[in-house]
Amino acid sequence: MNIKRLLPYSIPFWITLIFVLTASTYFIWIAVIIMYLIAIFRKRIGKFRPSKVQDEYLYFHYHREPSMMKTISGLFFVGFNFWILYFLINAKLETWQIIIFIYSCIIFNSNFAVALAHDLMHSKKNVDRLFSTIILLQNGFFYLESDHLYTHHRFVATVDDPATALKGESIYRYLYRSIKERIKITFSNGEHYPLKIRNRMMLTNYTKLTICIFYLFFAFYLSKLFFTFLILDYVFVTMIYESITYIQHYGLARYAHNDSKYESIKLQHSWNCIYKTSAYLHYMMPIHSLHHVADESETSDNYYYGNEMPRPFSTMMMTAW
């Protein structure tokens, strides 16, 4: 096992664990500070060399050690979200601690947990996909799984994918249009879903929405503080994840052939950030082009990985806002 290569991808686990261990103390702020310090030193830590981008991506997605680590991390973040419920019901916090606690949990869920769920939903392991579904439901993301797998991956970089930001479209207009259209597609028995599973998928989506609503009522009954957190978490986790989708697909388009079929998905149809810290903190999601091509292991040029964002991942999000 290559511990040195694997260890950086466990950073989200360790940061979140530090937060759990310090949440009842006056050092509740340490975990978030550590996360931001890592981001501050991203230029010093550097980028993956172009010749190593594909190799690192394939290591993270197809080697046994990262696979085991992601499964363990999935279980951890499922437990983390249930721990939030327990903690907010039982802990006695001052107002400033409550604010830091809620802020930290939203940051960890949006940057770590949901980014991991995005990876796990593509896993061949049933337990990984189960953890992905639970994490998404804990954060109110009832529509992401079916939309991502059956609409986004099929129609990315086309007008048929609401998750693709149009050139010149502001992030505010994008969020309103994209989320509304994607939820509409999610609950329609349309062509975006394979014929064999259309009805089952519709039932699954309505069930997921019901679970999220029930969880809100359950939270309101148990703790007004947890209910407040859950509302904020549902909103901001969704907004942050959708902002990531915005910067990863902004302004890119696949050409349509005369027979109305789109060209195949290529590396240039997504934006990438190859800073090492971005890959480590977001479970390789910033290296996005390879995620969308048909065969991740075969490209014409191992030195080419697609379009590179002009600024670091977090800076691109703030610029968009």
Side-chain angles (χ1 to χ4, degrees), residues 12 16-17 19-26 28-29 31-32 73-118 120-121 129-148 172 175-176 178-187 201-244:
T16 309
L17 182 60
F19 173 74
V20 171
L21 296 175
T22 59
S24 299
T25 73
Y26 284 95
I28 188 174
W29 45 269
V32 170
S73 297
L75 176 61
F76 172 79
F77 280 108
V78 168
F80 171 68
N81 276 278
F82 284 126
W83 170 82
I84 294 172
L85 168 62
Y86 171 82
F87 187 86
L88 288 177
I89 291 176
N90 294 282
K92 304 297 182 182
L93 301 177
E94 297 180 20
T95 301
W96 70 270
Q97 289 175 303
I98 293 174
I99 293 173
I100 294 177
F101 183 89
I102 292 177
Y103 173 79
S104 300
C105 290
I106 291 173
I107 291 297
F108 297 150
N109 273 329
S110 57
N111 288 273
F112 300 161
V114 173
L116 177 62
H118 164 269
L120 293 179
M121 75 170 66
R129 297 196 300 274
L130 175 62
F131 289 155
S132 174
T133 298
I134 295 174
I135 291 170
L136 293 176
L137 291 177
Q138 288 174 321
N139 289 276
F141 236 142
F142 61 90
Y143 68 87
L144 180 62
E145 195 168 6
S146 58
D147 169 79
H148 184 81
Y172 309 103
L175 289 171
Y176 173 76
S178 176
I179 295 175
K180 181 182 68 173
E181 291 181 10
R182 289 159 73 187
I183 292 177
K184 182 179 178 181
I185 291 173
T186 299
F187 293 107
M201 183 60 69
M202 293 304 100
L203 177 61
T204 300
N205 289 335
Y206 279 108
T207 301
K208 288 179 179 179
L209 175 59
T210 302
I211 290 172
C212 290
I213 295 173
F214 174 80
Y215 196 38
L216 281 173
F217 280 107
F218 179 69
F220 185 80
Y221 173 77
L222 288 179
S223 167
K224 302 301 185 295
L225 180 57
F226 181 68
F227 174 77
T228 301
F229 160 76
L230 209 58
I231 292 292
L232 294 172
D233 186 70
Y234 277 17
V235 171
F236 284 102
V237 167
T238 301
M239 298 280 276
I240 292 171
Y241 180 87
E242 297 296 3
S243 299
I244 292 173

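Just the heavy atoms: all of them, side chains too, but no hydrogens, waters or symmetry mates, feed the values below. Just so we're clear, the structure is a prediction, and the values are computed from it rather than from any experiment.
- Atom CZ of Phe142 sits about 14.0 Å away from atom OG1 of Thr204, to the nearest 0.5 Å.
- Side-chain contact between Phe82 and Gln138: present, with at least one pair of heavy atoms (C-beta onward) separated by less than 4.5 Å.
- Under the 3.5 Å distance criterion, the side-chain polar atoms of Ser110 are matched with a main-chain donor or acceptor of Ile107.
- Between atom CG of residue Leu85 and atom CZ of residue Phe226 there is a gap of 4.5 Å, rounded to the nearest 0.5 Å.
- Between Ile84 and Phe80, some side-chain heavy-atom pair lies under the 4.5 Å cut-off.
- Donor-acceptor pairing under 3.5 Å is recorded for the side chains of Ser146 and Asn205.
- Residues Ala117 and Ser132 come closest through the heavy atom pair O-OG, 2.8 Å.
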- Item | Check against side-chain contact (heavy atoms from CB on, under 4.5 Å), Asn81 and Asn139 | CA-CA 8 Å; Asn81 276 278; Asn139 289 276; 3.9 Å; yes
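- With ring centers used as reference points, Phe19 lies under 6.0 Å from Phe101.
- Under the rule for a ring-ring contact (aromatic ring centres under 6.0 Å, His included), the partners of Tyr206 that lie at least two apart in sequence or sit in another chain are Phe187.
- Under the 4.5 Å side-chain criterion, counting only non-hydrogen atoms from C-beta, Ser73 is not in contact with Phe131.
- Annotation: side chain of Leu136 is not in contact with side chain of Lys208 (no heavy-atom distance under 4.5 Å).
- Between Phe108 and Phe112, the two ring planes are parallel [angle under 30°; tilted spans 30° to 60°].
- Contact check for Glu242 versus Phe141: side-chain heavy atoms found under the 4.5 Å cut-off.
- Here Ile135 contributes atom CD1 and His118 contributes atom NE2; the two are 13.0 Å apart, rounded to the nearest 0.5 Å.
- If you take CE on Met121 and CG on Leu116, they are separated by 10.0 Å, rounding to the nearest 0.5 Å.
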Give every donor-acceptor pair under 3.5 Å between a side-chain atom in residues 232-241 and any protein atom, sequence neighbours left out.
unit_1: Asp233; atom_1: OD1; unit_2: Asn109; atom_2: ND2; d: 3.3
unit_1: Tyr234; atom_1: OH; unit_2: Cys212; atom_2: O; d: 3.3
unit_1: Thr238; atom_1: OG1; unit_2: Tyr234; atom_2: O; d: 2.7

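- Under a cutoff of 6.0 Å and an axis angle of 45°, Lys224 and Phe220 form a cation-pi pair.
- Between the side chains of Thr133 and Glu145, at least one donor N or O sits under 3.5 Å from an acceptor N or O.
- Applying the ring-ring contact (aromatic ring centres under 6.0 Å, His included) criterion to Phe77, with sequence neighbours excluded, gives no partner residue.
- Distance CG/Asp147 to NZ/Lys184: 14.5 Å, rounded to 0.5 Å.
- Closest approach of Leu120 and Gly74 over heavy atoms only: CD1-CA, 4.0 Å.
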- Query: Is there a side-chain contact (heavy atoms from CB on, under 4.5 Å) between Phe87 and Val20 once you walk through the steps?
  - Reply: CA-CA 9 Å; Phe87 187 86; Val20 171; over 6 Å; no
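- Ser24 OG to Gln97 CD: the interatomic distance, rounded to the nearest 0.5 Å, is 8.5 Å.
- Phe218 CZ: 12 or fewer foreign heavy atoms inside a 6.0 Å radius.
- Between Tyr103 and Trp29, the ring centre distance reaches or exceeds 6.0 Å.
- Closest of all the heavy-atom pairs between Thr16 and Pro12 is OG1-O, 2.7 Å.
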